[in-house]
Amino acid sequence: MSFDLHIVTPCARPANLPRIAESIASSDVPEDVRLKWLVVLDDRFEIPPLALTDADVITCAGAAGVAGHAQRNFALDAIASGWIVFVDDDNLLHPNLPRLLSRTIAAKPTSRFVVFDQDLGDGIRRAAPESVRVGAIDSAQCAFERAFVADERFDVYAYSADGIFAWRLFKKAPKQFAFVNETAALYNALNPGRFGEPPAGQQSKGPLPDTHNTGSLHFHRTFATGDLIRLGSNVGGHRLYLSPGAVMRSPVVPGPQRLRGRAWLHSSSRGKARVQITLNGDPVVDVQLRFRPFLRFLGGRRFDVPFDAPDGAEIEIRVTGEGTVVLAI
């Protein structure tokens with residue numbers, strides 16, 4: 001039985017799109033698979049008009065969060081049927097994926113979520129039921145049927161949202177997952193040094209937004225405690241390093257929330273600094289910091305603030321004064 005395979009690319013780095021197009025064009029596509037490429041632009045970035053003959057291009061209005069998760073959700077709303085695989089704007093489609101997916105569905109027609117082995121550049125991430133969890137599965141490592149997902153969506157504020165997404169679906173219907181121990185996915189293939197340097201001019205990091213709710217700063221929301229907002233770095237870590245003048249803004253999910261963390265001045269800093277966290281302009285946290293070596297060893301200045309977020313709520317973190325402030329869970 002033939003089916004549509006939608007390749008979805010959340011995009012803030014349009015300079016990488018020609019190489020992604022090449023990878024799609026050179027993949028091994030059987031007759032029963034119809035490839036459709038959907039590029040979803042992040043409207044927080046100044047992206048030049050795109051003329052892609054091989055793709056449908058749409059813009060995600062009102063984007064929020066990190067790692068292209070809002071764009072993934074936008075694509076899920078735009079696609080009515082067929083199968084979906086994500087190829088981010090720093091990645092390539094693995095040439096084996098279309099044929100392996102077709103073969104897997106033919107062999108196990110009840111499959112509605114297929115996980116492949118993934119080439120990390122310095123090793124292989126294996127497809128296995130125990131890997132369907134946060135931090136152990138990547139968005140490029142799987143393909144799924146649109147109807148199977150139904151109303152499930154990615155947590156736009158969590159870098160680990162791909163693990164959360166897969167884990168929730170697996171928990172509901174584990175028998176409809178298929179695991180293929182053959183490599184059909186790459187990991188960040190266009191990052192320098194991972195699979196060799198890409199050709200000159202074919203890579204761009206893209207511009208940073210004016211207010212950093214993506215990139216180096218984000219709110220990290222764990223799947224285990226959905227009402228607890230944690231602070232984290234752009235690699236899923238648990239520290240933010242903010243210099244005076246830094247501003248971070250991000251929408252938050254309406255309802256009861258808690259903001260928990262610690263703050264201190266980095267050891268390279270002297271003087272004093274102020275950290276202010278507000279909800280729609282109202283103070284939530286206001287911490288004055290001076291450089292004191294023992295403060296770091298005591299865990300810094302701690303805060304744990306419950307609040308009720310209304311519809312359209314936005315949290316802002318602002319740092320003033322001198323020196324680098326460290327914010328941590």
Side-chain angles (χ1 to χ4, degrees), residues 1 3-10 20 23-24 27-30 32-33 35-36 38 67-69 71-73 75-76 79 81-88 90-155 158-189 194-195 223 236:
M1 184 176 68
F3 61 92
D4 293 333
L5 176 57
H6 301 273
I7 301 166
V8 174
T9 299
I20 299 172
S23 73
I24 295 171
S27 62
D28 183 9
V29 184
D32 61 338
V33 177
L35 289 188
K36 298 177 181 291
L38 178 64
H69 296 318
Q71 288 71 51
R72 299 183 211 283
N73 290 340
L76 289 175
I79 296 171
S81 62
W83 284 72
I84 296 173
V85 62
F86 293 110
V87 176
D88 288 354
D90 60 354
N91 206 357
L92 301 171
L93 179 68
H94 194 286
N96 296 342
L97 190 146
R99 185 165 294 279
L100 254 62
L101 178 61
S102 172
R103 193 177 73 198
T104 302
I105 295 172
K108 186 182 177 183
T110 58
S111 301
R112 306 188 72 188
F113 195 110
V114 179
V115 184
F116 304 99
D117 287 350
Q118 184 178 38
D119 190 343
L120 302 175
D122 56 359
I124 299 295
R125 193 198 310 262
R126 298 296 180 188
E130 58 270 21
S131 298
V132 184
R133 55 186 173 82
V134 175
I137 189 171
D138 184 67
S139 61
Q141 194 184 358
C142 53
F144 53 84
E145 190 181 18
R146 173 63 187 88
F148 178 59
V149 170
D151 294 331
E152 190 66 54
R153 294 295 184 269
F154 289 80
D155 184 337
Y159 269 85
S160 54
D162 41 7
I164 300 170
F165 179 83
W167 174 80
R168 285 174 175 164
L169 291 168
F170 185 67
K171 187 177 179 181
K172 292 177 182 178
K175 292 184 179 180
Q176 293 184 300
F177 275 61
F179 299 91
V180 181
N181 286 127
E182 295 182 52
T183 301
L186 301 169
Y187 179 71
N188 295 0
R194 186 170 293 279
F195 293 91
F223 78 101

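- Sorted by first and then second residue, the side chain to side chain donor-acceptor pair (under 3.5 Å) pairs with a member in residues 140-150 read Arg112-Glu145; sequence neighbours excluded.
- Asn73 places a side-chain N or O within 3.5 Å of a backbone atom of Phe154 that can act as its donor or acceptor partner.
- Put simply, NZ on Lys171 and CG on Leu169 are 12.0 Å apart, with the number rounded to the nearest 0.5 Å.
- Taking 4.5 Å as the limit, some side-chain heavy atom of Phe170 sits within range of a side-chain heavy atom of Pro129.
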After noting the C-alpha distance and the side-chain angles of Ser23 and Leu186, does the key distance pass the side-chain contact (heavy atoms from CB on, under 4.5 Å) rule? CA-CA 11 Å; Ser23 73; Leu186 301 169; over 6 Å; no
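- Partners of Asp138 under the side chain to side chain donor-acceptor pair (under 3.5 Å) rule, at least two apart in sequence or in another chain, are Gln118.
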Worked check of side-chain contact (heavy atoms from CB on, under 4.5 Å) between Thr9 and Asp88: CA-CA 5 Å; Thr9 299; Asp88 288 354; 5.9 Å; no
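- With contacts defined as side-chain heavy-atom distances shorter than 4.5 Å, the pair Val33/Phe3 qualifies.
- Within the model, atoms CG of Asp162 and CD1 of Ile137 stand 7.5 Å from one another, a figure rounded to the nearest 0.5 Å.
- Across all their heavy atoms, Ala173 and Phe148 have their closest contact at CB-CE1, 3.8 Å.
- The shortest heavy-atom contact between Ala184 and Leu97 is O-CD1, 3.2 Å.
- Using the six-membered ring where Trp is involved, Phe113 and Phe144 have ring planes that are parallel, under 30° apart on the 30 and 60° scheme.
- Nearest heavy-atom pair across Arg153 and Arg168 is O-NH1, 4.4 Å.
- Across Ser102 and Asp32, no two heavy atoms sit closer than the pair OG-OD2, 2.7 Å.
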If you apply the rule side-chain contact (heavy atoms from CB on, under 4.5 Å), what do you find for Phe179 with Val132, and how did you get there? CA-CA 10 Å; Phe179 299 91; Val132 184; 3.6 Å; yes
Could you go step by step and tell me if Val8 and Ile79 meet the side-chain contact (heavy atoms from CB on, under 4.5 Å) rule? CA-CA 10 Å; Val8 174; Ile79 296 171; 3.9 Å; yes
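- Atom CG of Leu5 sits about 9.5 Å away from atom CD1 of Ile24, to the nearest 0.5 Å.
- The two atoms that bring Asp117 and Ala127 nearest to each other are OD1-N, 2.8 Å, heavy atoms only.
- Nearest approach of Pro98 to Asp28, heavy atoms of both residues: CB-O, 3.4 Å.
- For the atom pair CZ (Phe165) and OG (Ser139), the distance works out to 10.0 Å, reported to the nearest 0.5 Å.
- Among His6, Lys36, Arg72, the one residue that satisfies the side chain to side chain contact (heavy atoms under 4.5 Å, CB included) test with Ile84 is His6.
- Here the OG1 atom belonging to Thr104 is positioned 5.0 Å from the CZ atom belonging to Phe116, to the nearest 0.5 angstrom.
- Annotation: the span from Tyr187 atom OH to Ile124 atom CD1 amounts to 14.0 Å, rounded to 0.5 Å.
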